[in-house]
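Below you'll find the structure, written out as structure tokens, and then a few comments.
Letters A, B, ... are given to chains in the order of the sequence lines, protein chains preceding strands, and every chain is numbered from 1.
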Amino acid sequence: MGIKFERVSYQYQGIDQRGYLAIGDINLSINAAGEFITLIGETGSGKSTLVQHMNALLLPTEGRMKLFGLTIDKNTKKNKKIKLNPIRKKVGLVFQFPEYQLFEETVLKDIIFGPKNFGVSEEEAIKRAKKMIEVVGLDESYLSRSPFNLSGGEKKRVSIAGILAMEPDVLILDEPTSGLDPMGRNALLEVFYDIHKTLNKTVIIITHDMNTVYEYAQRALVMREGVLVYDGDPLQLFSKKNIDNWNLETPDILALSKAMETKFDITFSTPPRSRKALFTEIKEVLK
Amino acid sequence: MKNIVIGRYVPGKGFLYDLDPRTKLIALLVLMAATFIIDELIHMAAAILLIGVILVIGRISVKRVYLGLRPLLFLLIFTFAFQILFNTQGDLLFETPLYYSPITLGLVVVIVLIWGFTKRFIKFKLLYFLATVFLSLFVLNTFTEPLVFATGTFSIYEDALEMALFIMLRLIIIVTLSTILTITTKPTDLNLGLESVLKPLKVIRVNTEEIAMIISIALRYIPTLLDEANKIMLAQASRGVDFQEGKLKEKVMQIVSLLVPMFIISFKRSDELANAMEARSFIPGHPRTRLHLLTWKTLDTVVLVVSLTLLISSISIRVFL
Ligand SMILES: Nc1ncnc2c1ncn2[C@@H]1O[C@H](COP(=O)(O)OP(=O)(O)OP(=O)(O)O)[C@@H](O)[C@H]1O
Ligand SMILES: [Mg+2]
């Protein structure tokens with residue numbers, strides 16, 4: 001079960017019937033529960049295109065994928081009997097640009113839109129909305145506001161709340177923290193990590209922030225020019241030589257701890273991944 | 001939705017691409033006028049032939065033009081049906097009685113229901129629809145039995161057929177010509193061309209530059225808005241909107257859920273566009289210099305003369321023959 005890609009390619013159809021290959025020959029397998037994955041890669045490398053396959057919004061033009069037991073390939077669209085909606089209930093996708101997602105009169109109506117479409121009762125949906133608006137760092141007063149008069153960051157948070165309220169099994173977030181202040185960004189990342197930890201859900205985050213990747217991810221995927229070039233442990237990723245070719249940079253903590261190790265001629269027992277871990281390591285060494 | 005091609009520029013080569021936008025605009029107007037003036041079927045056929053020749057010489061794929069026409073199919077059928085049903089001028093070409101009885105009406109209902117359920121499996125929807133209409137008429141026409149409570153007639157008059165045919169052909173010609181124009185002309189060139197074609201209106205104090213700007217921005221934004229609509233549909237689909245399914249009420253809700261963000265986004269876009277233009281010192285009504293100047297070539301003169309000749313000859317045929 002879960003998400004499995006077998007040689008999936010996707011071509012955007014241009015005006016000129018000429019195709020533009022956005023992702024090519026992707027092989028990938030993601031568990032339905034318990035993973036925390038970050039997807040990185042330079043602008044235009046096909047990250048958004050890739051994740052839109054995971055809830056069957058885009059269907060592969062070549063290859064096939066298995067989403068929660070349902071096999072999907074380029075012929076799926078023609079077959080009216082195959083229902084894709086159940087997959088979208090299981091895999092919640094927060095879009096990169098919240099403008100495309102918000103359309104109801106009030107934030108409340110917008111958040112309950114998804115759950116209601118998937119058959120959740122109105123009261124239950126409202127209950128979830130009240131909870132989720134707090135979870136994403138806003139308060140209940142926002143529920144009665146119009147989603148169009150919010151700031152960019154507030155819109156982003158509301159759009160995240162709208163997906164969280166659907167309570168999907170797999171949560172995919174396309175650059176959820178872009179345009180947020182640093183404190184808000186960290187708080188939200190903690191929320192996603194918490195969802196992953198306490199509910200044992202799979203969370204996939206697209207990000208350009210290597211610190212996030214290094215600190216949180218158990219698994220990192222790297223896209224480059226439509227190809228999946230790395231799938232594995234973030235720790236090993238950043239010790240690789242060719243991360244510069246992939247336009248990635250070394251995470252701050254890693255750079256700092258490496259510099260300290262050479263400068264003070266010490267070795268940390270485990271490479272620290274967060275500020276807190278670095279402090280404890282330093283304490284350890286000082287003892 | 002992605003296949004709507006009205007207003008899209010498609011890069012390419014050919015004599016249509018080399019023409020001055022002014023030439024193309026004037027020729028478009030002139031030829032459109034000519035199609036409204038001619039009133040003989042044989043001339044109409046000649047006009048269609050001419051369009052075919054233009055497409056072939058200009059190396060524009062007929063498929064693309066057909067894609068441009070497709071959104072109009074409904075309108076075409078509607079005008080056709082309207083003419084046939086309500087226009088009773090001219091000679092009677094064909095008449096046949098229709099018998100209404102519970103049985104025949106029931107059969108028609110059954111036919112329509114079958115059509116409704118099976119149409120999604122049929123490739124040629126339009127043909128299938130026409131076949132259904134004919135079958136229904138046939139049923140109403142043939143079954144005479146004692147239960148008939150009313151009779152009517154189905155009649156086709158000469159003028160109705162002719163009018164319907166003319167309206168269809170004219171629409172097809174006009175849309176094809178405009179599609180050719182937008183396919184082969186860059187939006188910026190179109191803007192320039194419009195501006196200079198409209199220039200004479202300046203005499204009566206019409207702000208031609210602004211009009212040209214508005215028209216070209218509108219044309220420019222059709223594909224952008226379609227792309228946006230597509231993105232919004234994806235976002236909605238990911239929250240459980242199933243655009244293929246749903247009853248009428250749900251369908252309406254789905255369309256609302258699509259239209260509201262479309263409106264908001266287009267208003268925002270226009271606001272941003274205005275700001276961007278102002279930030280680059282665009283002041284409405286002020287004279288501006290051009291990066292690309294239009295150049296008039298011999299080819300332009302030839303095309304203009306040919307189209308004007310066509311217009312004049314169609315007028316003379318109408319007046320003198
Ligand atoms: N609707 C579309 N039509 C045609 N090409 C597209 C479309 N959407 C994206 N592309 C192209 O596909 C490629 C991959 O786009 P995608 O949005 O997946 O990139 P991304 O990795 O998410 O980039 P970013 O980090 O900027 O969000 C890009 O080169 C883009 O130009
Ligand atoms: Mg993206």
(message) I need the residue from Gln101(A), Gln52(A), Glu99(A) with the largest number of non-hydrogen atom pairs under 4.5 Å to chain B.
(response) Gln101(A)
(message) Counting only non-hydrogen atoms closer than 4.5 Å, does Ile87(A) touch chain B with its backbone (N, CA, C, O), its side chain (CB onward), both, or neither?
(response) neither
(request) Flag the pair Phe15(B) / Tyr17(B) as yes when their ring centroid distance falls below 6.0 Å, and as no otherwise. (result) no
(request) Go through the atoms of Val256(B) and report whether side chain, backbone, both or neither lie under 4.5 Å from a heavy atom of chain A. (result) neither
(message) Between Leu102(A) and chain B, with a heavy-atom cut-off of 4.5 Å, which part of the residue counts as in contact: side chain, backbone, both or neither?
(response) backbone
Determine all donor-acceptor pairs shorter than 3.5 Å in which one atom belongs to a side chain in residues 259-266 of chain B; sequence neighbours excluded.
residue   : atom : partner   : partner atom : Å
Ser266(B) : OG   : Met262(B) : O            : 2.6
Ser266(B) : OG   : Phe263(B) : O            : 3.1

(request) Enumerate the residue pairs fulfilling salt bridge (charged side-chain N to carboxylate O under 4.0 Å, His left out) with a member in residues 100-120 of chain A, sequence neighbours excluded, ordered by first and then second residue. (result) Glu105(A)-Lys109(A), Asp110(A)-Arg239(B), Lys116(A)-Glu122(A)
(message) Under a 3.5 Å distance rule, please check whether Asp300(B) uses its side chain to pair with a backbone N or O of Asp20(B) as donor and acceptor.
(response) yes
